[in-house]
Amino acid sequence: MSLRQPVIDISQDGSCATVIEAYHVKAWPFEIWIDAGFVYDGASIPEMVRPYIGGPWDPRRLPAATVHDWLYASHVLPKWLADLVFLWMLVLNGHGILRSLADWWAVSRFGHAAWYSHDKAEQFDAVYMGQITFF
């Protein structure tokens, strides 16, 4: 199963992207909507390994990275659950179980700085840029 790709506009320097069309993804057991205008930095992949595993805007990771960045910005879920959503979306997008587990391990182990980088005002703004429901 491949997830629908978000429609984004990547900045000229490649450091961030803006969601152009509202992004909706249904991936049992959750459904997520992210509004147009959400700005994020994509998958955080060190420069030295990008030639081997892909960059921040790699389509294999893009749906999961978009949702994960919104979850980190909004704090609507605890970090551990946001990381599991990321893993599940990678698997659903056909990323491969071993590669998905490696990506999940990296964000669960090294994502704390990104998680804590959003102050309360940013979290408040991000909450209103999307929605998650579980079914």
Side-chain angles (χ1 to χ4, degrees):
M1 168 187 197
S2 285
L3 300 172
R4 186 173 74 84
Q5 295 288 318
V7 179
I8 60 173
D9 180 30
I10 301 170
S11 66
Q12 285 193 355
D13 66 359
S15 65
C16 65
T18 303
V19 175
I20 300 299
E21 294 177 9
Y23 182 58
H24 173 241
V25 63
K26 195 172 188 176
W28 183 92
F30 55 85
E31 199 167 354
I32 296 176
W33 295 264
I34 300 173
D35 292 341
F38 177 65
V39 179
Y40 66 109
D41 64 357
S44 300
I45 299 171
E47 288 281 339
M48 62 190 228
V49 297
R50 288 181 183 180
Y52 309 105
I53 66 171
W57 312 112
D58 185 330
R60 296 171 297 177
R61 284 188 191 90
L62 193 55
T66 302
V67 167
H68 192 250
D69 279 12
W70 176 73
L71 292 171
Y72 265 40
S74 66
H75 286 216
V76 296
L77 297 178
K79 181 186 177 307
W80 68 268
L81 189 50
D83 293 344
L84 283 177
V85 168
F86 176 71
L87 170 63
W88 182 239
M89 290 186 68
L90 288 171
V91 170
L92 287 179
N93 203 42
H95 195 54
I97 191 67
L98 292 178
R99 192 169 245 182
S100 297
L101 283 168
D103 286 6
W104 167 80
W105 180 83
V107 298
S108 64
R109 176 73 174 89
F110 302 109
H112 296 284
W115 176 260
Y116 291 110
S117 70
H118 304 283
D119 63 29
K120 292 292 182 192
E122 291 173 316
Q123 291 172 30
F124 183 81
D125 290 344
V127 165
Y128 290 99
M129 294 296 295
Q131 175 182 345
I132 183 169
T133 59
F134 289 85
F135 53 91

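Residues take their numbers from the sequence shown, with the count starting at 1. Quick caveat, the model's predicted, so the values are computed rather than measured. Values below: every heavy atom of this structure, side chains too, minus hydrogens, waters and symmetry copies.
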field: salt bridge (Lys or Arg N to Asp or Glu O under 4.0 Å) partners of residues 82-96, not counting sequence neighbours, each pair once
entry: K79-D83

- prompt: Is there side-chain contact between V19 and W70, with at least one heavy-atom pair below 4.5 Å?
  reply: no

task: Answer yes if I20 and W33 sit in the same cluster of Ile, Leu, Val, Met, Phe, Trp and Tyr residues linked by side chain heavy atoms under 4.5 Å apart, and no otherwise.
output: no

- prompt: So do Y23 and V67 actually touch side chain to side chain, heavy atoms under 4.5 Å?
  reply: yes

- prompt: What pairs with E31 under side chain to side chain donor-acceptor pair (under 3.5 Å), at least two apart in sequence or on another chain?
  reply: H24

Check: W57 side chain, G14 main-chain N or O, donor-acceptor pair, under 3.5 Å: yes

task: Might you confirm whether atom CH2 of W88 has over 12 heavy atoms from other residues, nucleotides or ligands at distances under 6.0 Å?
output: no

query: Do the side chains of W105 and L90 join up, straight or via other hydrophobic residues, at under 4.5 Å, putting them in one cluster?
result: no

statement: When every non-hydrogen atom of A65 is compared with those of G42, the smallest separation belongs to CB-C, 4.2 Å

- request: Would you list the pairs meeting side chain to side chain donor-acceptor pair (under 3.5 Å) in which at least one residue belongs to residues 41-50, sequence neighbours left out?
  value: E47-R50

Which pairs would a plain distance check flag for residues 122-135, meaning a side-chain donor or acceptor within less than 3.5 Å of a matching protein atom at least two apart in sequence or in another chain?
residue: E122; atom: OE1; partner: D119; partner atom: N; Å: 2.9
residue: Q123; atom: NE2; partner: H118; partner atom: O; Å: 2.9

- request: Linking directly or through intermediates, with side-chain heavy atoms under 4.5 Å: list the remaining ILVMFWY members grouped with V39, chain and number order.
  value: none

T66: side chain to side chain donor-acceptor pair (under 3.5 Å) partners, not counting sequence neighbours: Y40

- prompt: Who pairs with D69 by salt bridge (charged side-chain N to carboxylate O under 4.0 Å, His left out), at least two apart in sequence or on another chain?
  reply: none

message: Ignoring hydrogens, what is the shortest heavy-atom contact between N93 and P59? Give both atom names and the distance.
response: ND2-O, 3.3 Å

field: Aromatic plane relationship, Y116 with H112 - under 30° parallel, 30 to 60° tilted, over 60° perpendicular
entry: parallel

message: By the salt bridge (Lys or Arg N to Asp or Glu O under 4.0 Å) test, which pairs, at least two apart or in different chains, include something from residues 84-108?
response: R61-D103

query: Are V107 and V85 linked, directly or through other ILVMFWY residues, by side chains that come within less than 4.5 angstrom of each other?
result: no

- prompt: Hey, quick one: are Y72 and F30 part of the same hydrophobic cluster, counting side-chain heavy atoms closer than 4.5 Å, chains of contacts allowed?
  reply: no

- request: Please collect all side chain to side chain donor-acceptor pair (under 3.5 Å) contacts where either partner lies in residues 3-12, sequence neighbours excluded, each pair once.
  value: S11-D13

Value rounded to 0.5 Å, distance of CH2 in W115 from OG in S108: 13.0 Å

message: Same cluster or not: I32 versus V7, using hydrophobic residues (I, L, V, M, F, W, Y) connected whenever any side-chain heavy atoms lie under 4.5 Å apart?
response: no

- line: Residues passing the side chain to side chain donor-acceptor pair (under 3.5 Å) test with H75, sequence neighbours excluded, are none

query: What pairs with S117 under side chain to side chain donor-acceptor pair (under 3.5 Å), at least two apart in sequence or on another chain?
result: none

- request: Given side-chain contact (heavy atoms from CB on, under 4.5 Å), test L84 with W80 step by step and report yes or no.
  value: CA-CA 6 Å; L84 283 177; W80 68 268; 3.7 Å; yes

query: Who else is in M48's hydrophobic cluster (ILVMFWY, side-chain heavy atoms under 4.5 Å, direct or via others)?
result: I45, V49, Y52, I53

message: Distance check, rounded to the nearest 0.5 Å: M89 atom CE versus L71 atom CG?
response: 9.0 Å

